[in-house]
Amino acid sequence: MNRLLSLSRLIDWINDKFGKLTWGLVFASVFISAGNAVVRKLFDYSSNAWLEIQWYLFAGVFLLGAAYTFLHNEHVRIDVLSSRLSKRGQTWIDILGIVFFLLPFCLEVVRLSLPVVGNAMASGEMSSNAGGLMRWPVFVLLPIGFTLLALQGLSELIKRAAFLMGLAPDPTLRKDEKTAEEELAAFMLEQTAREEAAAGKKA
């Protein structure tokens, strides 16, 4: 398990780096979008290439940032049922979801997208729009993004298994998030401080 946890930490490090890369893509997308709008209004000029690069950057943010979002437990959850379960029950739901849904889906997307990427690179496929861009750079983001997401799924699977075995902390807790016991302790300390302050005023 120690080796698997080391692998998990490596995957987390890789996806953290890719996630931070998307910050730059967001900035570039905003800068290009604003610049394109200004040029179009002031000089009545636009280009399909500038429009398409915005789509490419958005695709990069979405695909390269998905694993980063999973790493930091910021993805959307539907907690109607799982919120009523214990932490172990929630962890088992995560494990089953990763094994039977996330990983098979990611692997299938990668398998289906690789021939598309290969054909686009071999043919030098271009956009059908006048002045558009090559297609393969955005196509290649698809297998890369889903490979990173599958790797993060593997990492989360390892961390959840280690949690159930008592070898690792709860992987779903954010760094700044307190456990229920910590919240209760903080509440009790606050109440005690208020009572002491009230007693001091009466004396």
Side-chain touch Leu151/Ile14, heavy atoms, less than 4.5 angstrom: no
Non-hydrogen side-chain atoms of Glu52 and Arg135 separated by less than 4.5 Å: yes
Nearest atoms (heavy-atom pairs only) where Pro104 meets Ile98: CD-O, 4.0 Å
Rounded distance (nearest 0.5 Å) linking atom CG of Leu7 with atom CD1 of Ile11: 4.0 Å
Distance-only donor-acceptor check, side chains Arg88 and Thr91, under 3.5 Å: no
Nearest heavy atoms of Asp170 and Lys87, plus distance in Å: OD2-CE, 3.1 Å
Ile53 with Phe62, same ILVMFWY side-chain cluster at under 4.5 Å: yes
Heavy-atom closest pair, residues Asn2 and Arg9: O-NH2, 4.5 Å
Whether Gln54 side chain and Trp50 backbone form a donor-acceptor pair below 3.5 Å: yes
Donor-acceptor under 3.5 Å (Asp16 side chain, Asp12 main chain): no
Co-membership, hydrophobic cluster, residues Leu157 and Phe101, 4.5 Å side-chain: yes
Closest non-hydrogen atom pair between Leu148 and Ala67, with its separation: O-CB, 3.5 Å
Side-chain heavy-atom pair Ser127, Asn48 within 4.5 angstrom cut-off: no
Approximate separation, where rounding is to 0.5 Å, of Ile158 CD1 and Leu167 CG: 12.5 Å
In one Ile/Leu/Val/Met/Phe/Trp/Tyr side-chain cluster, 4.5 Å: Val99, Leu154: no
Verify same cluster id: Ile144, Trp23 (apolar side-chain graph, 4.5 Å): no
Enclosure of Tyr56 OH (heavy-atom neighbours >12, cutoff 6.0 Å): yes
CZ (Phe18) with more than 12 external heavy atoms under 6.0 Å: no
Candidate pair Phe146 and Leu63, rule side-chain contact (heavy atoms from CB on, under 4.5 Å), full reasoning: CA-CA 7 Å; Phe146 276 91; Leu63 291 168; 3.8 Å; yes
Pairs involving residues 102-117, ordered by first then second residue, that meet salt bridge (charged side-chain N to carboxylate O under 4.0 Å, His left out) (sequence neighbours left out): Glu108-Arg111
Same cluster (ILVMFWY, side-chain, under 4.5 Å), Val109 and Trp136: yes
CD on Gln152 to CG on Asn15, rounded to 0.5 Å: 4.5 Å
Main-chain N/O of Leu25 paired to Ser29 side chain as donor or acceptor, under 3.5 Å: no
Nearest non-hydrogen partners of Ala120 and Phe139, listed with the distance: CB-CD1, 3.5 Å
Pairwise distance NZ(Lys41) to CG(Asn36) - rounded to 0.5 angstrom: 11.0 Å
Test item: Ile95 and Leu164 side chains (from C-beta on) under 4.5 Å apart, heavy atoms: yes
Closest non-hydrogen atom pair between Ala162 and Leu5, with its separation: CB-CD2, 3.8 Å
Test side-chain contact (heavy atoms from CB on, under 4.5 Å) applied to Asp94 and Glu156, step by step: CA-CA 9 Å; Asp94 285 350; Glu156 298 303 320; over 6 Å; no
Under 3.5 Å donor-acceptor, Arg160 side chain and Trp92 backbone: no
Qualifying residues under side-chain hydrogen bond (donor to acceptor under 3.5 Å, both in side chains), relative to Ser8, sequence neighbours excluded: Ser155
Heavy-atom check, side chain of Phe70 versus side chain of Leu149, under 4.5 Å: yes
